[in-house]
There are 2 protein chains.
Amino acid sequence: MGQTMALADDIQSGGKALVYDKGETIFRQGETDPHLYFVQKGFLKAYYLTASGKEYVKTFVPENDFIGSSNVYRYPQTGCTFTLVCLEPSRLLRLKYTDLINIVQQTPESALALINMLIDVIAKKERREFEFLCLSAEERYQQILKNTPELLKRATQNDIARYLGITPVALSRIRSRMTGNPSSALMT
Amino acid sequence: MGQTMALADDIQSGGKALVYDKGETIFRQGETDPHLYFVQKGFLKAYYLTASGKEYVKTFVPENDFIGSSNVYRYPQTGCTFTLVCLEPSRLLRLKYTDLINIVQQTPESALALINMLIDVIAKKERREFEFLCLSAEERYQQILKNTPELLKRATQNDIARYLGITPVALSRIRSRMTGNPSSALMT
DNA sequence: TCTGTTTTTTAACCCGGGTTAATGCCGGTG
DNA sequence: CACCGGCATTAACCCGGGTTAAAAAACAGA
């Protein structure tokens with residue numbers, strides 16, 4: 001983590017600080033935005049919008065986390081695969097991917113810091129993949145209760161449902177099932 | 001890709017070649033194996049085994065791909081989160097994570113190659129995550145038909161089902177639904 | 001406080017996938 | 001050749017989640 005913070009320092013020195021209001025959009029699905037963002041303060045939501053108009057939440061982004069459309073770095077002509085919007089007033093540091101690579105080429109330590117950060121991202125995605133593959137929607141919700149209960153305070157239940165890959169109606173049912181009002185099982 | 005191949009060369013010079021028969025296990029869930037593997041030839045399956053004995057396929061690993069339990073790199077005391085087994089006779093290159101880091105510290109170019117490789121891994125995981133989040137099981141199967149039809153030849157339908165996150169029975173139903181024998185809809 | 005909007009809950013109905021079990025189908029082995 | 005184990009298919013039944021719609025609850029602004 002010390003290494004990652006050092007990288008954050010590098011980004012701080014090379015990046016541009018930006019302030020957004022709640023509800024503001026940083027970039028939209030389809031646009032090209034060749035930047036990596038570091039969240040100094042606030043809370044954001046990254047989401048996919050399908051052709052049929054349905055929204056699915058890719059991830060929530062809290063303080064001290066990074067976000068950017070990685071495909072745009074590798075294939076600069078492609079568009080972002082998702083939209084990034086603020087759920088709270090936020091302060092971000094913005095840095096071009098190409099500038100990041102330049103910074104990281106300067107010192108082996110910062111290169112290693114970036115490598116470790118990327119491996120952390122991979123580990124995180126691996127856990128989400130594991131949860132989709134191996135757990136039921138109810139079990140995935142219980143993981144949130146156990147591991148990131150703050151999320152319940154910062155995101156609406158609608159958005160949490162769309163993050164779990166289910167509808168808000170289904171999440172409401174899961175919750176009432178879990179509250180376990182066992183008497184309801186006895187009633188007609 | 002040229003960069004990634006250069007990295008593969010580095011791994012080749014520092015790695016140890018290993019040969020496995022079909023059915024052999026490289027490492028088991030719970031063991032600690034601090035290595036990254038590069039597949040020169042063959043085809044492997046990485047899978048999770050739940051407490052209740054159910055198997056879920058995390059990924060298939062074809063030639064020129066890498067695999068390793070990334071959490072073991074960051075947290076060396078933890079065990080692998082999955083089991084790795086050969087579906088075909090395979091030749092692998094094995095390299096300690098720590099040696100890889102040493103190699104990569106030598107030259108900025110190899111560090112950049114690793115960074116690019118990691119970003120490719122992230123992009124790949126992002127697509128799988130997207131498919132779980134936004135697509136139905138049938139749509140996910142259609143993605144395989146479109147993007148990696150070779151998989152149908154190298155893996156059993158059982159394993160493909162467990163990769164899609166459904167049961168073999170469900171995949172069989174999806175296939176018969178898709179064959180679209182429309183007459184069956186007319187019959188009792 | 002009143003009001004309009006968003007979020008959450010509940011109900012009814014449908015459908016896809018899980019489960020179990022039976023059957024058929026190879027492919028390998030003795 | 002006969003046998004056996006794993007793989008694929010099919011059927012029957014159940015349950016969780018999608019969909020639609022309506023109502024209740026929580027919020028934010030005037």
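Letters go in sequence order (proteins before strands), and every chain restarts at 1. Hydrogens, waters and symmetry mates play no part in the numbers below; they use all other heavy atoms, side chains included.
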#### Entry: Contact state string [nucleotides 25-30 of chain C, B base, S sugar-phosphate only, - no protein heavy atom under 4.0 Å]
------
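- Ring centers of Y48(B) and F130(A): under 6.0 Å apart, within the cut-off.
- Remark: E126(A) engages K58(B) in a salt bridge, criterion side-chain N to carboxylate O under 4.0 Å.
- Smallest separation of non-hydrogen atoms from S69(A) and C80(A): OG-CA, 3.4 Å.
- Rounded to whole angstrom, the span from the CZ atom of R175(A) across to the C1' atom of dT10(C) amounts to 14 Å.
- When only modelled atom types and interatomic distance are considered, T179(A) and S176(A) share no side-chain donor-acceptor pair under 3.5 Å.
- Inspection of the R175(B) and Y141(B) side chains reveals an N or O donor paired with an N or O acceptor under 3.5 Å.
- R140(A) and L135(A) get closest at one heavy-atom pair: NH1-O, 3.0 Å.
- Of the residues V19(A), L18(A), L92(A), L93(A), the one that meets the side-chain contact (heavy atoms from CB on, under 4.5 Å) test with Q40(A) is L93(A).
- Ion pairing between a basic and an acidic side chain is recognised when a charged N comes within 4.0 Å of a carboxylate O; K125(B) and E131(B) show no such pairing.
- Taking the ring-ring contact (aromatic ring centres under 6.0 Å, His included) definition, one finds that Y73(A) meets it with Y97(A), sequence neighbours left out.
- Here the options are N147(A), T148(A), L152(A), the test is side-chain contact (heavy atoms from CB on, under 4.5 Å), and the partner is E150(A); only T148(A) passes.
- Taking the six-membered ring for Trp and thresholds of 30 and 60 degrees, F38(A) and F66(A) have ring planes inclined between 30 and 60 degrees apart.
- For the pair M178(B) CE and dA8(D) C1', the interatomic distance rounds to 16 Å; values are reported in whole Å.
- Between Q142(B) atom CD and dG16(C) atom P there is a gap of 13 Å when expressed in whole angstrom units.
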Close N or O pairs between protein and nucleotides 3-7 of chain D (under 3.5 Å):
none

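- Remark: the R127(A) side chain and the Q143(A) side chain contain no N/O donor-acceptor pair separated by less than 3.5 Å.
- A straight line from CZ of R140(B) to C1' of dG16(C) spans 12 Å, rounded to a whole angstrom.
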Please produce a list of atom pairs where a protein N or O lies less than 3.5 Å from an N or O of nucleotides 28-30 of chain D.
none

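- Counting only N and O atoms by type, the side chains of T156(B) and N158(B) include no donor and acceptor under 3.5 Å apart.
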What N/O pairs connect the protein and nucleotides 17-19 of chain D at under 3.5 Å? Give each pair on its own line.
{"from": "dG17(D)", "atom 1": "OP2", "to": "R177(A)", "atom 2": "NH1", "distance (Å)": "3.4"}
{"from": "dG17(D)", "atom 1": "OP2", "to": "R177(A)", "atom 2": "NH2", "distance (Å)": "3.0"}
{"from": "dG18(D)", "atom 1": "OP2", "to": "T167(A)", "atom 2": "N", "distance (Å)": "3.1"}
{"from": "dG18(D)", "atom 1": "OP2", "to": "T167(A)", "atom 2": "OG1", "distance (Å)": "2.9"}
{"from": "dG18(D)", "atom 1": "N7", "to": "R173(A)", "atom 2": "NH2", "distance (Å)": "2.7"}
{"from": "dG18(D)", "atom 1": "O6", "to": "R173(A)", "atom 2": "NH1", "distance (Å)": "2.9"}
{"from": "dT19(D)", "atom 1": "OP1", "to": "K54(A)", "atom 2": "NZ", "distance (Å)": "3.2"}
{"from": "dT19(D)", "atom 1": "O4", "to": "R173(A)", "atom 2": "NH1", "distance (Å)": "3.4"}

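- By the 4.0 Å N-to-carboxylate-O rule, E129(A) lies too far from K124(B) to be salt-bridged with it.
- Comparing the end axes of the helix from dT1(C)-dA30(D) to dG30(C)-dC1(D), each fitted to five base pairs by superposing C1' atoms of four pairs onto the next four, gives an inter-axis angle of 40° (nearest 10 degrees).
- Nearest approach of G42(B) to S90(B), heavy atoms of both residues: CA-OG, 3.4 Å.
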